[in-house]
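Structure incoming, see below.
Throughout, a chain's letter reflects where its sequence line sits, starting with A, and its residues are numbered from 1. FYI, side chains are in, hydrogens and waters are out, and symmetry mates aren't considered; it's all heavy atoms of this structure.
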2 protein chains.
Amino acid sequence: MLDPETQAIPRECGDCPIRHRAVCARCEADELELLDQIKYYRSFEAGQTVVWAGDKMDFVGSVVSGIATLTQTMEDGRTQMVGLLLPSDFVGRPGRQTAAYDVVATSDMVMCCFRKQPFEDMMSRTPHIAQRLLEMTLDELDAAREWMLVLGRKTAREKIASLLSIIARRDAALNVAGRRGPMVFILPLTREAMADYLGLTLETVSRQISALKRDGVIVLEGKRHVTVPDFNRLLDEAGDDSDGGMLA
Amino acid sequence: MLDPETQAIPRECGDCPIRHRAVCARCEADELELLDQIKYYRSFEAGQTVVWAGDKMDFVGSVVSGIATLTQTMEDGRTQMVGLLLPSDFVGRPGRQTAAYDVVATSDMVMCCFRKQPFEDMMSRTPHIAQRLLEMTLDELDAAREWMLVLGRKTAREKIASLLSIIARRDAALNVAGRRGPMVFILPLTREAMADYLGLTLETVSRQISALKRDGVIVLEGKRHVTVPDFNRLLDEAGDDSDGGMLA
DNA sequence: TAGCGATGTTGATCTGAATCAAGGTTGCGT
DNA sequence: ACGCAACCTTGATTCAGATCAACATCGCTA
């Protein structure tokens with residue numbers, strides 16, 4: 001496992017890989033310089049907890065690289081994942097003292113952090129930040145509502161297909177768009193994490209993945225390496241309106 | 001059924017019952033005056049559709065009175081409610097052309113609307129509006145994530161108890177706080193709408209309500225009038241961390 | 001005041017996913 | 001190279017909630 005400290009960390013915002021998608025996306029050069037002065041990086045190892053629900057959280061920030069999850073847990077141990085944080089996603093809520101959910105790094109991860117108070121001060125003086133944060137929050141709300149349909153009404157097979165299509169789509173967006181041929185990606189989650197995301201047990205996740213493989217919807221190499229020969233077929237299995245595949 | 005036109009509609013923002021909770025909550029007198037000039041009211045009858053998912057939506061607005069639902073529907077007819085809109089809640093998304101969900105008035109309802117373009121112009125010039133909208137959107141995101149736990153991990157009985165406790169709490173917040181004695185409220189949803197909210201069938205909703213009644217968790221008069229003798233008992237049935245009942 | 005449609009309840013049966021259980025793989029530390 | 005721990009798969013059985021079905025209640029209109 002790589003020492004997270006050795007992962008490439010941008011020195012300046014200009015070099016930052018998430019520059020154009022994160023909460024700072026709309027900032028002008030001068031605004032970026034101010035952010036540059038108050039930002040700091042933190043690295044987390046796979047499995048490490050960033051914050052526990054209910055704990056005081058005196059910073060906010062963006063995922064620069066790696067993956068984290070937001071989860072909620074009931075007293076008896078039932079857990080539900082409520083968010084999957086990928087590079088450029090924002091962590092924390094301005095105007096709130098404590099974390100509402102557990103935040104856990106699922107892979108080695110680097111975050112670009114700001115202490116909450118300076119960030120909030122800056123936000124009130126820099127509409128570009130608040131605007132972008134509003135936009136990102138509205139997108140997350142849409143994603144959460146999409147997920148409510150998955151949790152409430154889809155079958156186990158549809159749930160798995162939905163998760164795979166979301167990961168596949170997002171992966172394609174991060175990499176160069178329009179690559180020809182079948183989609184290929186690495187599952188960033190264990191079977192158990194998938195189960196927590198989908199409101200299933202890990203056994204059901206395993207069975208349904210096996211079934212999709214048996215039916216040729218996906219091809220597996222090892223446990224994590226997935227190839228999707230026909231993305232529309234996968235969307236169909238997810239119960240989604242197909243087409244919509246190709247956006248401009 | 002009341003003619004919605006006869007419902008009391010405030011003339012001026014100063015008289016408005018949702019003045020201090022809606023998207024305009026943070027506005028100063030002069031800003032309010034500008035909003036006053038571009039606002040208009042629309043009334044909807046119970047059952048009426050405000051917009052269909054995918055349709056062009058050239059306005060945004062706030063629910064002034066009554067209740068509306070946001071729902072998503074799959075091709076085969078499975079539907080999932082993804083939002084319950086109460087007085088002061090915001091409808092529509094700035095910066096988007098078409099509605100993402102069906103919006104349906106569940107009771108007679110009055111909305112305070114703004115054409116999208118003037119509202120967006122005003123938003124870019126009035127940070128108070130964008131600030132409040134961000135805050136409201138973050139609250140909605142929290143509510144959506146809370147709901148993901150309900151949909152993904154709770155039993156049918158816990159789901160019903162969760163819904164009842166949310167309605168009870170919200171009702172108590174709208175009415176004068178701190179009233180002593182048992183909580184009493186009217187269910188604003190049919191059994192079918194509850195089922196769509198909870199990811200259940202209407203039969204299961206009916207059975208679980210009967211069970212909660214049989215076990216003395218709730219008392220029913222007719223189908224819709226609910227009394228909760230012991231709110232902590234209800235929270236317990238919902239699987240929520242109890243206490244948290246009394247906020248300052 | 002009878003009839004009808006929307007809404008709600010309850011019972012019988014079925015079924016998809018959970019639970020219980022037994023291995024199989026993989027990768028790491030020693 | 002071995003042994004252990006995480007992770008994953010597959011099978012047998014159970015069960016919560018869906019489905020299918022019948023009937024009850026209420027409000028409205030003719």
Notebook entry, point to check: For the pair made of NE2 in A/His225 and C1' in C/dT26, what is the distance, rounded to whole Å?
Noted result: 18 Å

Notebook entry, point to check: Between atom CG in A/Leu202 and atom C1' in C/dA17, what is the gap in whole Å?
Noted result: 13 Å

Checklist line | Rounded distance (Å) that lies between atom C1' of C/dG16 and atom CD1 of A/Ile160 | finding: 14 Å

Next item on the list: Mind jotting down which residue pairs meet the salt bridge (Lys or Arg N to Asp or Glu O under 4.0 Å) criterion with at least one end in residues 190-205 of chain A? Sequence neighbours excluded, please.
Entry: A/Asp196-B/Arg153

Check: Side chain of B/Asp102, backbone of B/Trp52: donor and acceptor closer than 3.5 Å?
Finding: no

Checklist line | salt bridge (Lys or Arg N to Asp or Glu O under 4.0 Å) partners of residues 83-93 of chain B, not counting sequence neighbours, each pair once | finding: A/Asp139-B/Arg93, A/Asp142-B/Arg93

Check: A/Ser107 side chain to A/Ile67 main-chain N or O, any donor-acceptor pair under 3.5 Å?
Finding: yes

Checklist line | Value in whole Å for how far the P atom of C/dG8 lies from CG of B/Asp196 | finding: 12 Å

Check: With side chains defined as the heavy atoms from C-beta onward, is the minimum distance between B/Ile166 and B/Tyr197 less than 4.5 Å?
Finding: no

Check: Quick one: what's the B/S/- string for nucleotides 13-26 of chain D, heavy-atom cutoff under 4.0 Å, read 5' to 3'?
Finding: ----SSBB------

Checklist line | Those residues that, when tested against B/Asp230, pass salt bridge (Lys or Arg N to Asp or Glu O under 4.0 Å) (two or more places apart) | finding: none

Check: Can you name the residues that form a salt bridge (Lys or Arg N to Asp or Glu O under 4.0 Å) with A/Asp76, not counting sequence neighbours?
Finding: A/Arg78

Margin query: Regarding A/Ser206, tell me which of base, sugar-phosphate or nothing describes its non-hydrogen contacts under 4.0 Å with the strands shown.
Written below: base

Checklist line | For atom CZ of A/Arg191 and atom C1' of C/dT25, their distance in whole Å | finding: 12 Å

Item checked: Contact under 4.0 Å: B/Thr190 side-chain N or O vs C/dA6 OP1/OP2 -> no

Next item on the list: Would you mind reading off the distance between A/Glu192 atom CD and C/dT19 atom P, rounded to a whole angstrom?
Entry: 13 Å

Notebook entry, point to check: Using the C1' atoms of five pairs at each end, what's the angle between the two axes of the helix from C/dT1-D/dA30 to C/dT30-D/dA1, to 10 degrees?
Noted result: 30°

Note to self: If we ignore hydrogens and angles and just use 3.5 Å, is the side chain of B/Ser210 paired with the main-chain N or O of B/Ser206 as donor and acceptor?
What the structure shows: yes

